[in-house]
Amino acid sequence: MNLLEIFSYCIVIGMFLLVFIIAIKLIRNRVAKSVEISATVIDKRKSDYTKYTPVPEQTTDYILVFQSKNKKLSFVTSMWNYDSVKKGEHGVLKYQGSHMISFK
């Protein structure tokens, strides 16, 4: 077995592990129970980047960071959720796994 074959096997195993980890995360998010907690918005930020699809496209992620007791939770959310809350606002955060459902 030469070095190129070993490298190819490592790439295949790495890709398999990556797909496996992503699948586990998606499944865990689907089967997780939804949680409601009292929380405060401690940060809001936008992350701009170029998404390389067949045609490069400028994209923005809208990120909300909450504090609940000693726990910090961060969610990528829609522009509408992002615009509807203010930093320092307190309310009830509902989420399931790594998906924010609502903040009232």
Side-chain angles (χ1 to χ4, degrees):
M1 194 180 303
N2 66 28
L3 192 57
L4 185 59
E5 289 175 336
I6 293 171
F7 182 71
S8 296
Y9 286 128
C10 288
I11 295 288
V12 169
I13 290 170
M15 293 298 289
F16 175 76
L17 288 173
L18 182 63
V19 168
F20 181 74
I21 290 168
I22 291 171
I24 292 295
K25 185 175 180 179
L26 290 173
I27 290 168
R28 188 175 293 160
N29 279 341
R30 293 283 184 203
V31 298
K33 292 183 179 181
S34 63
V35 177
E36 286 190 23
I37 58 172
S38 177
T40 302
V41 179
I42 60 169
D43 195 17
K44 292 174 65 170
R45 61 182 178 266
K46 296 178 186 178
S47 176
D48 297 320
Y49 59 95
T50 302
K51 188 179 196 179
Y52 291 98
T53 55
V55 176
E57 171 185 342
Q58 195 63 23
T59 304
T60 302
D61 282 345
Y62 298 90
I63 303 163
L64 292 174
V65 182
F66 297 90
Q67 180 80 40
S68 177
K69 297 182 182 175
N70 294 330
K71 193 175 190 180
K72 228 184 237 189
L73 300 164
S74 179
F75 299 96
V76 175
T77 189
S78 69
M79 178 177 56
W80 298 280
N81 281 338
Y82 181 87
D83 287 340
S84 70
V85 299
K86 293 177 178 60
K87 195 171 175 180
E89 187 175 348
H90 186 75
V92 176
L93 170 65
K94 185 174 182 180
Y95 67 96
Q96 181 178 14
S98 62
H99 173 71
M100 179 182 143
I101 297 170
S102 65
F103 180 69
K104 301 176 190 173

Any chance CG of Leu3 has more than 12 other-residue heavy atoms, nucleotides or ligands included, within less than 6.0 Å? no
Is Ser78 reaching over with its side chain to a backbone N or O of Asn81, donor-acceptor style, under 3.5 angstrom?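 The answer is yes, because a donor-acceptor pair under 3.5 Å joins these two groups.
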Kindly compute the distance separating [atom1] ([X]) from [atom2] ([Y]), expressed to the nearest 0.5 Å.
X	Y	atom1	atom2	result
Ser102	Leu93	OG	CG	7.5 Å
Glu36	Gln96	CD	CD	12.0 Å
Lys104	Ser84	NZ	OG	11.5 Å

Would a single hydrophobic cluster contain both [Y] and [X], if residues Ile, Leu, Val, Met, Phe, Trp and Tyr are joined by side-chain heavy-atom contacts under 4.5 Å?
X	Y	value
Met15	Phe7	yes
Leu18	Ile21	no
Phe75	Trp80	yes

So is Lys44 actually on top of Tyr82's ring, under 6.0 Å and inside 45° of the axis? yes
I'd like to know whether Ile42 forms a side-chain contact (heavy atoms from CB on, under 4.5 Å) with Lys72, so could you lay out the CA-CA distance, the side-chain angles of the two residues, the decisive distance to 0.1 Å, and finally the verdict. CA-CA 9 Å; Ile42 60 169; Lys72 228 184 237 189; 3.7 Å; yes
Decide side-chain contact (heavy atoms from CB on, under 4.5 Å) for Val35 and Lys94; before the verdict, give the C-alpha distance in whole Å, the side-chain angles of both, and the deciding distance to 0.1 Å. CA-CA 6 Å; Val35 177; Lys94 185 174 182 180; over 6 Å; no
Quiz: residues 85-92 side-chain donor-acceptor pairs under 3.5 angstrom, not counting sequence neighbours:
{"unit_1": "Glu89", "atom_1": "OE1", "unit_2": "Lys86", "atom_2": "N", "d": "2.9"}
{"unit_1": "His90", "atom_1": "ND1", "unit_2": "Ala39", "atom_2": "O", "d": "3.1"}
{"unit_1": "His90", "atom_1": "ND1", "unit_2": "Thr40", "atom_2": "OG1", "d": "2.8"}
{"unit_1": "His90", "atom_1": "NE2", "unit_2": "Ser38", "atom_2": "OG", "d": "2.8"}

What pair of heavy atoms forms the shortest contact from Gln67 to Lys69, and how long is it?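 Closest pair (atom of Gln67, atom of Lys69, distance): NE2-O, 2.7 Å.
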Could you pull out all donor-acceptor pairs under 3.5 Å where a side-chain atom in residues 52-66 meets a protein atom, sequence neighbours excluded?
{"unit_1": "Thr53", "atom_1": "OG1", "unit_2": "Val55", "atom_2": "O", "d": "2.7"}
{"unit_1": "Gln58", "atom_1": "OE1", "unit_2": "Thr50", "atom_2": "OG1", "d": "3.1"}
{"unit_1": "Thr60", "atom_1": "OG1", "unit_2": "Asp48", "atom_2": "OD1", "d": "2.5"}
{"unit_1": "Asp61", "atom_1": "OD1", "unit_2": "Tyr49", "atom_2": "OH", "d": "3.3"}

Derivation and outcome, side-chain contact (heavy atoms from CB on, under 4.5 Å), residues Ile37 and Leu73: CA-CA 11 Å; Ile37 58 172; Leu73 300 164; 3.5 Å; yes
Taking the side chain as every heavy atom from C-beta outward, state whether Ile101 and His99 have any atom pair closer than 4.5 Å. yes
Not counting sequence neighbours, which residues clear side chain to side chain donor-acceptor pair (under 3.5 Å) with Asp83? List them please. none
